[in-house]
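Below: one structure in C-alpha coordinates.
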Amino acid sequence: MIDIRLLRSAPDEVRSALARRGDDAVLHHLDTLITLDASLRDVTAERDGIRAKVNDLSRTVGQLRRDGKVDDASRLQDESRELGLREEELAAEHDRVQGEIRNILLVVPNLPNEQVPEGGSDADNPVVSGPFLPNGGEDGFAEHQRVPHWDIGVALGILDNERATKIAASMFTMQRGAGATLARALCQYALDLNADAFEEVRPPTLVSTATLTSTGQLPKFADDAYAIERDDLWCIPTAEVPLTSIYAGEILDHAQLPARFMAYSPCYRREAGSAGRDTRGMLRAHEFDKVEILAIATPEQSPDLLVEMVGRVERMIASLGLHHRVIEICTGDLGQSHHRSFDVEVYAPGCGQWLEVSSISWFSDYQARRADIRYRPVGEDSKPVKGTALAHTLNGSALAVPRVWAAILETHRNPDGSVTVPEVLRPYMRGIEIIGG
RNA sequence: GGAACGGUGGCAGAGCGGACAAAUGCAGCCGCCUUGAAAGCGGCCGGCCCAAAAGGCCCGGGGGUUCGAAUCCCUCCCGUUCCGCCA
(Lines give C-alpha, C1' and ligand atoms only; values in the text may rest on other atoms or scores of the structure.)
Protein backbone atom coordinates (compact mmCIF):
# COMPACT_ATOMS: atom_id res chain seq x y z
CA MET A 1 0.00 0.00 0.00
CA ILE A 2 1.06 3.54 -0.56
CA ASP A 3 1.12 5.97 2.36
CA ILE A 4 -2.22 7.76 2.52
CA ARG A 5 -0.60 10.48 4.63
CA LEU A 6 1.73 11.23 1.75
CA LEU A 7 -1.23 11.42 -0.58
CA ARG A 8 -2.85 13.85 1.84
CA SER A 9 0.16 16.10 2.30
CA ALA A 10 1.65 15.94 -1.19
CA PRO A 11 -1.08 14.84 -3.58
CA ASP A 12 0.64 16.29 -6.63
CA GLU A 13 3.82 14.36 -5.99
CA VAL A 14 1.96 11.10 -5.61
CA ARG A 15 -0.07 11.84 -8.69
CA SER A 16 2.90 12.59 -10.90
CA ALA A 17 4.84 9.59 -9.60
CA LEU A 18 1.98 7.24 -10.37
CA ALA A 19 1.24 8.97 -13.66
CA ARG A 20 4.60 7.66 -14.86
CA ARG A 21 3.10 4.19 -14.90
CA GLY A 22 0.73 5.34 -17.63
CA ASP A 23 -2.40 3.92 -16.02
CA ASP A 24 -5.25 6.46 -15.88
CA ALA A 25 -7.49 4.29 -13.71
CA VAL A 26 -4.96 4.68 -10.92
CA LEU A 27 -5.18 8.47 -11.05
CA HIS A 28 -8.93 8.29 -10.78
CA HIS A 29 -8.49 6.18 -7.64
CA LEU A 30 -6.37 8.92 -6.11
CA ASP A 31 -9.16 11.46 -6.45
CA THR A 32 -11.57 9.08 -4.77
CA LEU A 33 -9.10 8.43 -1.98
CA ILE A 34 -8.58 12.10 -1.25
CA THR A 35 -12.32 12.67 -0.97
CA LEU A 36 -12.89 9.61 1.18
CA ASP A 37 -9.96 10.44 3.42
CA ALA A 38 -11.31 13.91 4.13
CA SER A 39 -14.72 12.58 5.05
CA LEU A 40 -13.19 9.82 7.16
CA ARG A 41 -11.39 12.38 9.26
CA ASP A 42 -14.58 14.39 9.72
CA VAL A 43 -16.51 11.34 10.82
CA THR A 44 -13.70 10.21 13.11
CA ALA A 45 -13.52 13.57 14.83
CA GLU A 46 -17.25 13.65 15.41
CA ARG A 47 -17.34 10.07 16.64
CA ASP A 48 -14.43 10.60 19.00
CA GLY A 49 -16.08 13.71 20.41
CA ILE A 50 -19.19 11.72 21.30
CA ARG A 51 -17.12 8.94 22.75
CA ALA A 52 -15.35 11.47 24.93
CA LYS A 53 -18.70 12.67 26.25
CA VAL A 54 -19.93 9.14 26.90
CA ASN A 55 -16.71 8.30 28.71
CA ASP A 56 -17.06 11.41 30.78
CA LEU A 57 -20.70 10.72 31.63
CA SER A 58 -19.88 7.14 32.56
CA ARG A 59 -17.22 8.27 34.98
CA THR A 60 -19.69 10.68 36.55
CA VAL A 61 -22.36 7.99 36.79
CA GLY A 62 -19.93 5.74 38.61
CA GLN A 63 -19.12 8.50 41.06
CA LEU A 64 -22.77 9.40 41.64
CA ARG A 65 -23.71 5.78 42.29
CA ARG A 66 -20.93 5.41 44.80
CA ASP A 67 -22.27 8.54 46.45
CA GLY A 68 -25.76 7.04 46.48
CA LYS A 69 -27.25 9.69 44.18
CA VAL A 70 -29.22 7.20 42.16
CA ASP A 71 -31.65 9.66 40.59
CA ASP A 72 -28.94 11.91 39.22
CA ALA A 73 -27.12 8.89 37.96
CA SER A 74 -30.06 7.49 36.06
CA ARG A 75 -30.71 10.86 34.43
CA LEU A 76 -27.15 10.86 33.08
CA GLN A 77 -27.52 7.25 32.03
CA ASP A 78 -30.44 8.21 29.81
CA GLU A 79 -28.41 11.00 28.27
CA SER A 80 -25.51 8.67 27.68
CA ARG A 81 -27.75 6.11 26.07
CA GLU A 82 -28.99 8.74 23.58
CA LEU A 83 -25.44 9.65 22.68
CA GLY A 84 -24.63 5.99 22.29
CA LEU A 85 -27.13 5.69 19.46
CA ARG A 86 -25.54 8.55 17.56
CA GLU A 87 -22.12 7.12 18.23
CA GLU A 88 -23.20 3.81 16.74
CA GLU A 89 -24.30 5.51 13.52
CA LEU A 90 -21.06 7.42 13.22
CA ALA A 91 -18.99 4.36 14.03
CA ALA A 92 -20.75 2.41 11.29
CA GLU A 93 -20.12 5.23 8.83
CA HIS A 94 -16.49 5.41 9.92
CA ASP A 95 -16.00 1.68 9.40
CA ARG A 96 -17.72 1.80 6.04
CA VAL A 97 -15.54 4.64 4.73
CA GLN A 98 -12.40 3.11 6.18
CA GLY A 99 -13.18 -0.19 4.48
CA GLU A 100 -13.75 1.56 1.20
CA ILE A 101 -10.41 3.35 1.51
CA ARG A 102 -8.62 0.13 2.28
CA ASN A 103 -10.15 -1.67 -0.68
CA ILE A 104 -8.91 1.03 -3.00
CA LEU A 105 -5.49 1.23 -1.37
CA LEU A 106 -5.06 -2.49 -1.88
CA VAL A 107 -5.17 -2.06 -5.66
CA VAL A 108 -3.23 1.20 -5.99
CA PRO A 109 0.30 0.33 -7.18
CA ASN A 110 3.56 1.41 -5.59
CA LEU A 111 5.29 4.67 -6.50
CA PRO A 112 8.17 4.05 -8.92
CA ASN A 113 11.61 5.14 -7.74
CA GLU A 114 12.84 8.35 -9.37
CA GLN A 115 15.55 6.40 -11.15
CA VAL A 116 13.17 4.01 -12.90
CA PRO A 117 13.47 4.73 -16.63
CA GLU A 118 10.50 6.08 -18.53
CA GLY A 119 8.73 3.63 -20.81
CA GLY A 120 5.39 2.34 -21.97
CA SER A 121 5.91 -1.42 -22.10
CA ASP A 122 8.49 -4.19 -21.83
CA ALA A 123 9.78 -3.10 -25.23
CA ASP A 124 11.22 -0.01 -23.54
CA ASN A 125 13.17 -1.83 -20.81
CA PRO A 126 16.81 -0.77 -21.20
CA VAL A 127 19.65 -3.27 -21.06
CA VAL A 128 21.89 -2.22 -18.19
CA SER A 129 24.42 -5.05 -18.26
CA GLY A 130 25.45 -7.19 -21.21
CA PRO A 131 24.37 -8.73 -23.44
CA PHE A 132 27.07 -11.30 -22.92
CA LEU A 133 26.86 -13.43 -26.02
CA PRO A 134 29.39 -15.52 -27.96
CA ASN A 135 30.92 -13.52 -30.80
CA GLY A 136 28.85 -10.59 -29.65
CA GLY A 137 25.49 -11.64 -31.05
CA GLU A 138 22.50 -13.90 -30.87
CA ASP A 139 23.69 -15.74 -33.96
CA GLY A 140 27.05 -16.48 -32.44
CA PHE A 141 26.01 -19.99 -31.42
CA ALA A 142 26.94 -23.21 -33.18
CA GLU A 143 24.48 -25.27 -35.20
CA HIS A 144 24.36 -28.07 -32.62
CA GLN A 145 23.16 -25.52 -30.04
CA ARG A 146 20.16 -24.64 -32.16
CA VAL A 147 17.93 -27.42 -30.85
CA PRO A 148 15.09 -26.54 -28.47
CA HIS A 149 15.33 -28.11 -25.04
CA TRP A 150 12.03 -29.96 -25.40
CA ASP A 151 13.56 -31.96 -28.22
CA ILE A 152 16.83 -32.42 -26.37
CA GLY A 153 15.02 -33.47 -23.19
CA VAL A 154 12.91 -36.08 -24.94
CA ALA A 155 15.85 -37.39 -26.96
CA LEU A 156 17.90 -37.86 -23.80
CA GLY A 157 14.97 -39.30 -21.86
CA ILE A 158 15.18 -36.65 -19.14
CA LEU A 159 11.98 -34.72 -19.88
CA ASP A 160 8.59 -36.45 -19.86
CA ASN A 161 5.90 -33.80 -20.04
CA GLU A 162 3.51 -36.14 -21.79
CA ARG A 163 3.22 -38.26 -18.69
CA ALA A 164 3.21 -35.21 -16.42
CA THR A 165 0.08 -34.15 -18.27
CA LYS A 166 -1.43 -37.58 -17.78
CA ILE A 167 -0.69 -37.51 -14.07
CA ALA A 168 -1.77 -33.90 -13.46
CA ALA A 169 -2.89 -31.61 -16.26
CA SER A 170 -1.43 -29.71 -19.18
CA MET A 171 1.39 -27.31 -18.39
CA PHE A 172 2.85 -29.54 -15.73
CA THR A 173 6.35 -30.88 -16.28
CA MET A 174 8.31 -33.91 -15.21
CA GLN A 175 12.04 -34.42 -15.30
CA ARG A 176 13.53 -37.88 -15.08
CA GLY A 177 16.90 -39.39 -14.39
CA ALA A 178 19.75 -36.94 -14.89
CA GLY A 179 17.16 -34.28 -15.75
CA ALA A 180 15.61 -34.53 -12.31
CA THR A 181 19.04 -34.60 -10.72
CA LEU A 182 20.04 -31.51 -12.65
CA ALA A 183 16.95 -29.66 -11.44
CA ARG A 184 17.75 -30.46 -7.86
CA ALA A 185 21.44 -29.72 -8.32
CA LEU A 186 20.57 -26.20 -9.44
CA CYS A 187 18.68 -25.60 -6.21
CA GLN A 188 21.44 -26.98 -4.05
CA TYR A 189 23.97 -24.87 -5.88
CA ALA A 190 21.95 -21.67 -5.54
CA LEU A 191 21.42 -22.23 -1.84
CA ASP A 192 25.08 -22.96 -1.19
CA LEU A 193 26.17 -19.91 -3.14
CA ASN A 194 24.07 -17.55 -1.02
CA ALA A 195 24.52 -19.20 2.34
CA ASP A 196 27.25 -16.68 3.19
CA ALA A 197 24.65 -13.97 3.78
CA PHE A 198 21.18 -15.51 3.81
CA GLU A 199 19.54 -17.70 6.42
CA GLU A 200 18.04 -20.80 4.86
CA VAL A 201 14.35 -21.24 5.58
CA ARG A 202 11.95 -24.02 4.75
CA PRO A 203 8.66 -22.12 4.90
CA PRO A 204 5.08 -23.30 4.55
CA THR A 205 4.05 -23.42 0.91
CA LEU A 206 0.36 -23.06 1.71
CA VAL A 207 -0.50 -19.70 3.22
CA SER A 208 -3.44 -17.73 4.56
CA THR A 209 -5.35 -15.07 2.68
CA ALA A 210 -3.77 -12.39 4.86
CA THR A 211 -0.28 -13.58 3.97
CA LEU A 212 -1.00 -13.61 0.24
CA THR A 213 -2.46 -10.10 0.54
CA SER A 214 0.62 -8.73 2.27
CA THR A 215 2.91 -9.30 -0.68
CA GLY A 216 0.41 -7.89 -3.16
CA GLN A 217 -0.96 -10.98 -4.95
CA LEU A 218 -4.39 -10.44 -3.44
CA PRO A 219 -6.91 -9.07 -4.02
CA LYS A 220 -6.00 -8.14 -7.59
CA PHE A 221 -4.42 -11.34 -8.84
CA ALA A 222 -6.57 -13.99 -7.19
CA ASP A 223 -7.10 -15.75 -10.53
CA ASP A 224 -3.39 -16.41 -10.83
CA ALA A 225 -3.13 -18.39 -7.60
CA TYR A 226 -4.27 -21.88 -6.71
CA ALA A 227 -6.80 -21.74 -3.89
CA ILE A 228 -7.59 -24.48 -1.43
CA GLU A 229 -11.00 -23.18 -0.53
CA ARG A 230 -11.99 -25.85 1.92
CA ASP A 231 -9.20 -24.83 4.26
CA ASP A 232 -9.00 -21.18 3.26
CA LEU A 233 -5.39 -21.54 2.13
CA TRP A 234 -3.49 -20.64 -1.01
CA CYS A 235 -0.56 -22.32 -2.78
CA ILE A 236 2.36 -19.94 -2.88
CA PRO A 237 3.38 -18.59 -6.30
CA THR A 238 6.85 -17.87 -4.88
CA ALA A 239 8.69 -18.22 -1.57
CA GLU A 240 8.64 -14.42 -1.45
CA VAL A 241 5.18 -14.76 0.04
CA PRO A 242 5.96 -16.69 3.23
CA LEU A 243 9.44 -15.18 3.64
CA THR A 244 8.13 -11.61 3.57
CA SER A 245 5.61 -12.43 6.27
CA ILE A 246 8.11 -13.99 8.66
CA TYR A 247 8.14 -10.76 10.66
CA ALA A 248 4.61 -9.62 9.79
CA GLY A 249 3.05 -7.61 12.60
CA GLU A 250 6.36 -7.34 14.45
CA ILE A 251 8.57 -4.45 15.46
CA LEU A 252 12.24 -5.28 14.89
CA ASP A 253 15.33 -3.87 16.50
CA HIS A 254 17.48 -1.80 14.20
CA ALA A 255 20.30 -4.28 14.80
CA GLN A 256 18.24 -7.08 13.27
CA LEU A 257 18.30 -5.38 9.89
CA PRO A 258 18.94 -6.25 7.24
CA ALA A 259 17.34 -9.64 7.88
CA ARG A 260 18.12 -11.92 4.98
CA PHE A 261 16.41 -15.15 4.10
CA MET A 262 16.67 -17.67 1.31
CA ALA A 263 14.41 -20.58 0.59
CA TYR A 264 13.99 -23.33 -1.88
CA SER A 265 10.33 -23.94 -2.63
CA PRO A 266 7.96 -25.21 -5.24
CA CYS A 267 5.93 -22.42 -6.83
CA TYR A 268 2.38 -22.73 -8.09
CA ARG A 269 0.88 -20.48 -10.74
CA ARG A 270 -2.36 -20.85 -12.62
CA GLU A 271 -0.99 -18.73 -15.48
CA ALA A 272 -4.57 -17.60 -16.08
CA GLY A 273 -3.50 -14.71 -18.27
CA SER A 274 -1.16 -16.71 -20.43
CA ALA A 275 -3.02 -19.94 -21.20
CA GLY A 276 -1.71 -21.44 -24.40
CA ARG A 277 1.52 -19.42 -24.42
CA ASP A 278 4.88 -21.16 -24.18
CA THR A 279 3.19 -24.49 -23.71
CA ARG A 280 6.14 -26.53 -24.90
CA GLY A 281 9.01 -27.63 -22.76
CA MET A 282 9.89 -25.90 -19.54
CA LEU A 283 9.26 -22.27 -20.34
CA ARG A 284 5.98 -21.90 -18.49
CA ALA A 285 4.52 -24.41 -16.06
CA HIS A 286 1.94 -24.47 -13.32
CA GLU A 287 4.46 -25.83 -10.86
CA PHE A 288 8.17 -25.23 -10.72
CA ASP A 289 11.07 -25.03 -8.29
CA LYS A 290 12.84 -21.88 -7.31
CA VAL A 291 15.38 -20.58 -4.83
CA GLU A 292 14.39 -17.16 -3.58
CA ILE A 293 16.53 -14.60 -1.75
CA LEU A 294 14.91 -11.87 0.31
CA ALA A 295 15.87 -8.99 2.57
CA ILE A 296 14.01 -6.95 5.14
CA ALA A 297 15.93 -3.72 5.57
CA THR A 298 15.95 -0.08 6.50
CA PRO A 299 15.28 2.45 3.73
CA GLU A 300 18.95 3.44 3.88
CA GLN A 301 20.20 -0.11 3.37
CA SER A 302 17.89 -0.92 0.49
CA PRO A 303 19.56 0.63 -2.58
CA ASP A 304 22.85 -1.16 -1.93
CA LEU A 305 21.08 -4.42 -1.23
CA LEU A 306 19.29 -4.20 -4.57
CA VAL A 307 22.60 -3.82 -6.38
CA GLU A 308 24.15 -6.62 -4.38
CA MET A 309 21.32 -9.04 -5.09
CA VAL A 310 21.39 -8.35 -8.82
CA GLY A 311 25.13 -8.96 -8.75
CA ARG A 312 24.71 -12.28 -6.99
CA VAL A 313 22.25 -13.54 -9.58
CA GLU A 314 24.34 -12.30 -12.46
CA ARG A 315 27.49 -13.98 -11.17
CA MET A 316 25.69 -17.26 -10.64
CA ILE A 317 24.22 -17.33 -14.12
CA ALA A 318 27.64 -16.57 -15.55
CA SER A 319 29.17 -19.37 -13.48
CA LEU A 320 26.81 -21.81 -15.21
CA GLY A 321 28.30 -20.78 -18.55
CA LEU A 322 25.05 -19.17 -19.69
CA HIS A 323 24.76 -16.06 -21.81
CA HIS A 324 22.83 -13.33 -20.14
CA ARG A 325 21.91 -9.71 -19.89
CA VAL A 326 20.34 -7.55 -17.19
CA ILE A 327 17.48 -5.22 -18.03
CA GLU A 328 15.88 -2.61 -15.90
CA ILE A 329 12.10 -2.56 -15.79
CA CYS A 330 10.68 0.71 -17.07
CA THR A 331 7.76 2.61 -15.55
CA GLY A 332 5.18 1.13 -17.91
CA ASP A 333 6.22 -2.47 -17.16
CA LEU A 334 6.82 -2.23 -13.42
CA GLY A 335 4.81 -4.67 -11.29
CA GLN A 336 2.15 -3.40 -8.91
CA SER A 337 4.20 -3.72 -5.75
CA HIS A 338 7.56 -2.80 -7.24
CA HIS A 339 9.49 0.37 -6.51
CA ARG A 340 12.39 -0.55 -8.74
CA SER A 341 13.12 -3.80 -10.52
CA PHE A 342 15.70 -5.62 -12.63
CA ASP A 343 15.35 -8.78 -14.68
CA VAL A 344 18.14 -11.17 -15.48
CA GLU A 345 17.57 -12.86 -18.81
CA VAL A 346 19.36 -15.82 -20.31
CA TYR A 347 19.66 -16.43 -24.00
CA ALA A 348 18.40 -19.86 -25.00
CA PRO A 349 19.92 -20.58 -28.42
CA GLY A 350 17.72 -23.61 -29.08
CA CYS A 351 14.42 -21.82 -28.89
CA GLY A 352 16.09 -18.56 -29.92
CA GLN A 353 14.74 -16.34 -27.19
CA TRP A 354 15.72 -14.41 -24.15
CA LEU A 355 14.28 -16.07 -21.05
CA GLU A 356 13.55 -14.19 -17.87
CA VAL A 357 15.21 -16.29 -15.19
CA SER A 358 15.18 -13.83 -12.32
CA SER A 359 13.47 -10.68 -11.23
CA ILE A 360 15.06 -8.72 -8.42
CA SER A 361 12.88 -6.07 -6.90
CA TRP A 362 12.80 -3.37 -4.28
CA PHE A 363 9.36 -2.81 -2.81
CA SER A 364 10.14 0.21 -0.64
CA ASP A 365 7.63 0.11 2.24
CA TYR A 366 4.74 -1.08 0.05
CA GLN A 367 4.70 -4.67 1.27
CA ALA A 368 5.82 -3.75 4.77
CA ARG A 369 2.82 -1.49 5.18
CA ARG A 370 0.51 -4.33 4.15
CA ALA A 371 2.32 -6.82 6.36
CA ASP A 372 2.94 -4.32 9.17
CA ILE A 373 6.68 -4.92 9.43
CA ARG A 374 8.31 -2.15 11.44
CA TYR A 375 11.61 -1.43 13.16
CA ARG A 376 12.93 0.97 15.75
CA PRO A 377 15.13 3.50 13.97
CA VAL A 378 18.35 4.84 15.48
CA GLY A 379 19.87 8.29 15.24
CA GLU A 380 23.38 9.16 14.14
CA ASP A 381 24.72 8.22 17.56
CA SER A 382 23.20 4.74 17.11
CA LYS A 383 20.88 5.44 20.02
CA PRO A 384 17.22 4.65 19.48
CA VAL A 385 15.12 7.58 18.35
CA LYS A 386 11.45 7.99 19.15
CA GLY A 387 8.88 5.94 17.35
CA THR A 388 8.80 3.18 14.79
CA ALA A 389 9.25 3.11 11.04
CA LEU A 390 8.18 0.75 8.28
CA ALA A 391 10.86 -1.54 6.96
CA HIS A 392 11.68 -1.97 3.30
CA THR A 393 11.56 -5.32 1.55
CA LEU A 394 13.54 -6.65 -1.40
CA ASN A 395 13.57 -9.99 -3.06
CA GLY A 396 14.60 -11.87 -6.13
CA SER A 397 14.80 -15.29 -7.61
CA ALA A 398 18.27 -16.55 -6.97
CA LEU A 399 17.50 -19.31 -9.39
CA ALA A 400 14.30 -20.33 -11.14
CA VAL A 401 14.89 -23.92 -12.21
CA PRO A 402 12.94 -24.57 -15.41
CA ARG A 403 14.30 -21.86 -17.67
CA VAL A 404 17.84 -22.26 -16.41
CA TRP A 405 17.48 -26.00 -16.90
CA ALA A 406 16.31 -25.35 -20.46
CA ALA A 407 19.11 -22.90 -21.20
CA ILE A 408 21.72 -25.33 -19.91
CA LEU A 409 20.49 -28.08 -22.22
CA GLU A 410 20.52 -25.79 -25.23
CA THR A 411 23.74 -23.92 -24.47
CA HIS A 412 25.80 -26.92 -23.43
CA ARG A 413 24.57 -29.34 -26.08
CA ASN A 414 27.43 -31.06 -27.86
CA PRO A 415 27.64 -31.98 -31.56
CA ASP A 416 26.85 -35.61 -30.67
CA GLY A 417 23.59 -34.59 -28.93
CA SER A 418 24.81 -35.05 -25.38
CA VAL A 419 24.81 -32.25 -22.83
CA THR A 420 27.80 -31.26 -20.73
CA VAL A 421 26.99 -30.50 -17.11
CA PRO A 422 28.48 -27.15 -16.00
CA GLU A 423 31.49 -27.67 -13.80
CA VAL A 424 30.00 -25.98 -10.74
CA LEU A 425 27.03 -28.36 -10.68
CA ARG A 426 29.02 -31.57 -10.84
CA PRO A 427 29.45 -31.92 -7.08
CA TYR A 428 25.67 -32.22 -6.90
CA MET A 429 25.30 -34.61 -9.86
CA ARG A 430 26.56 -37.92 -8.44
CA GLY A 431 29.50 -37.80 -10.80
CA ILE A 432 27.51 -37.19 -13.98
CA GLU A 433 29.58 -34.93 -16.24
CA ILE A 434 27.82 -35.51 -19.52
CA ILE A 435 24.16 -36.32 -19.93
CA GLY A 436 23.63 -38.84 -22.71
CA GLY A 437 27.32 -39.18 -23.34
C1' G B 1 -11.38 -34.99 15.36
C1' G B 2 -12.72 -34.98 21.05
C1' A B 3 -11.76 -32.98 26.09
C1' A B 4 -9.57 -29.62 29.62
C1' C B 5 -7.06 -25.22 30.50
C1' G B 6 -5.18 -20.82 28.53
C1' G B 7 -4.23 -16.11 25.07
C1' U B 8 -2.88 -9.01 29.12
C1' G B 9 3.13 -4.35 27.53
C1' G B 10 10.16 -6.63 24.99
C1' C B 11 9.66 -10.98 28.64
C1' A B 12 7.37 -12.97 33.13
C1' G B 13 2.85 -12.06 35.50
C1' A B 14 -1.45 -9.61 38.54
C1' G B 15 -6.16 -7.66 37.55
C1' C B 16 -12.01 -10.70 36.54
C1' G B 17 -17.93 -4.64 35.77
C1' G B 18 -16.35 1.92 37.23
C1' A B 19 -10.80 5.74 39.82
C1' C B 20 -6.98 0.49 34.51
C1' A B 21 -2.99 1.73 29.32
C1' A B 22 -3.34 -1.56 33.19
C1' A B 23 0.07 -3.66 39.82
C1' U B 24 4.72 -6.06 40.51
C1' G B 25 9.36 -8.25 38.86
C1' C B 26 13.05 -8.63 34.92
C1' A B 27 15.15 -6.25 30.71
C1' G B 28 16.03 -1.18 28.55
C1' C B 29 17.03 4.40 28.86
C1' C B 30 18.55 8.97 31.80
C1' G B 31 20.63 10.91 36.29
C1' C B 32 23.01 10.50 41.30
C1' C B 33 26.82 7.77 43.74
C1' U B 34 31.89 5.58 42.01
C1' U B 35 38.76 6.23 39.64
C1' G B 36 35.60 2.71 36.53
C1' A B 37 31.92 -1.02 37.03
C1' A B 38 28.40 -3.56 40.02
C1' A B 39 25.08 -2.78 43.91
C1' G B 40 21.99 1.07 45.80
C1' C B 41 18.85 5.48 45.11
C1' G B 42 15.61 8.83 41.94
C1' G B 43 13.22 9.41 37.27
C1' C B 44 11.70 7.55 32.44
C1' C B 45 10.05 3.28 30.01
C1' G B 46 3.80 -0.06 24.79
C1' G B 47 1.47 0.76 20.06
C1' C B 48 -1.98 3.30 16.73
C1' C B 49 -5.23 7.64 14.57
C1' C B 50 -5.17 13.09 14.18
C1' A B 51 -0.52 18.70 11.77
C1' A B 52 -0.84 19.02 16.91
C1' A B 53 -3.18 20.41 21.76
C1' A B 54 -7.51 18.30 23.30
C1' G B 55 -9.53 13.78 22.23
C1' G B 56 -10.09 8.79 20.64
C1' C B 57 -8.70 3.51 19.86
C1' C B 58 -5.98 -1.07 21.26
C1' C B 59 -5.67 -6.43 27.10
C1' G B 60 -5.93 -12.84 20.42
C1' G B 61 -10.07 -11.40 16.10
C1' G B 62 -15.29 -10.32 15.53
C1' G B 63 -20.14 -9.65 17.69
C1' G B 64 -23.39 -8.88 22.05
C1' U B 65 -25.07 -7.15 27.20
C1' U B 66 -24.32 -2.31 29.99
C1' C B 67 -24.62 4.54 31.40
C1' G B 68 -19.72 2.06 31.59
C1' A B 69 -16.15 -4.22 29.55
C1' A B 70 -9.25 -6.45 30.08
C1' U B 71 -13.26 -8.14 33.44
C1' C B 72 -19.95 -10.93 31.78
C1' C B 73 -22.19 -13.68 27.22
C1' C B 74 -21.72 -15.68 22.03
C1' U B 75 -18.50 -16.96 18.10
C1' C B 76 -14.03 -17.65 15.47
C1' C B 77 -8.69 -18.11 15.56
C1' C B 78 -4.27 -19.57 18.02
C1' G B 79 -1.44 -22.12 22.06
C1' U B 80 -0.51 -25.99 25.90
C1' U B 81 -1.78 -30.80 27.88
C1' C B 82 -4.43 -35.46 27.49
C1' C B 83 -7.11 -38.86 24.15
C1' G B 84 -7.93 -40.42 19.02
C1' C B 85 -5.82 -40.71 14.09
C1' C B 86 -1.51 -40.56 11.11
C1' A B 87 3.16 -39.70 7.11
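The basis for the numbers below is simple: all heavy atoms, side chains too, and nothing from hydrogens, waters or symmetry mates. Computed from a predicted structure; not experimentally measured. Below, chains carry the letters A, B, ... as their sequence lines are ordered, and counting in each starts from 1.
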I'd like the C1' distance from B/rA19 over to B/rA69, given in whole Å.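 These two C1' atoms come out 15 Å apart once rounded.
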Salt bridge or not for A/E308 and A/R312, using N-O below 4.0 Å?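 Result for this pair is yes, salt bridge flagged.
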Sticking with atom P, work out how far B/rG25 lies from B/rC74, rounded to a whole angstrom.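 Each nucleotide's P atom is 36 Å from the other's.
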What is the distance, rounded to the nearest whole Å, between atom CG of A/L83 and atom C1' of B/rG55? 15 Å
Is it the case that the ring center of A/H338 lies less than 6.0 angstrom away from the ring center of A/F363? yes
Taking the P atom of each, how far is B/rA37 from B/rC32, in whole Å?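 Taking atom P in both B/rA37 and B/rC32, they lie 11 Å apart.
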Which comes earlier along RNA chain B counting from the 5' end, the contact point of A/R81 or that of A/D37, where each point is its nearest nucleotide?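 Looking at RNA chain B, the more 5' nearest nucleotide goes with A/D37.
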Tell me what A/S80 touches on the nucleic acid: a base, only sugar-phosphate, or nothing, going by heavy atoms under 4.0 Å.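 Counting heavy atoms under 4.0 Å across all strands, the contact made by A/S80 is with sugar-phosphate only.
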Categorize A/T388 for me: base, sugar-phosphate, or nothing, with a 4.0 angstrom heavy-atom threshold over every strand shown.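 Sugar-phosphate, backbone atoms only, no base.
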Proximity to the side chain of A/R376 - top-ranked nucleotide from B/rG47, B/rC50, B/rG56: B/rG47
Can you check the A/H94 NE2 to B/rC49 P distance for me, whole Å?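 Going from NE2 in A/H94 over to P in B/rC49 covers 12 Å.
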Charged N to carboxylate O under 4.0 angstrom, A/D224 versus A/R270? no
Heavy-atom nearest nucleotide on RNA chain B for A/K53 versus A/R374: which residue maps closer to 5'?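 The answer here is A/R374.
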Taking only the P atom of each, what is the distance from B/rG61 to B/rA70 in whole angstrom? 11 Å
Name the closest nucleotide to the A/R41 side chain, picking from B/rA51, B/rG56, B/rG68.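 The nucleotide sitting nearest to the side chain is B/rA51.
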So A/N55, base contact, sugar-phosphate only, or nothing? Heavy-atom distance under 4.0 Å. sugar-phosphate
How far, in whole Å, is B/rG7 from B/rU71 if one measures between their P atoms? 12 Å
Roughly how many Å apart are B/rC59 and B/rG6, using the C1' atom of each and rounding to a whole number?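 To the nearest whole Å, 14 Å.
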Presence of salt bridge, A/D31 and A/R15, under 4.0 angstrom: yes
Using a 4.0 Å heavy-atom cut-off, does A/R75 contact any base of the nucleic acid, only the sugar-phosphate backbone, or nothing at all? nothing
C1' atom, B/rC41 versus B/rA4: distance in rounded Å?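 B/rC41 and B/rA4 have their C1' atoms separated by 48 Å.
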Take atom P in B/rA22 and the same atom in B/rG56, then report the distance between them in whole Å.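 Result for the P pair: 13 Å, nearest Å.
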Determine, for A/K53 against A/E87, whether the closest basic-nitrogen to carboxylate-oxygen distance falls under 4.0 angstrom.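 Looking at A/E87 together with A/K53, the answer is no, because their closest N to O distance does not fall below 4.0 Å.
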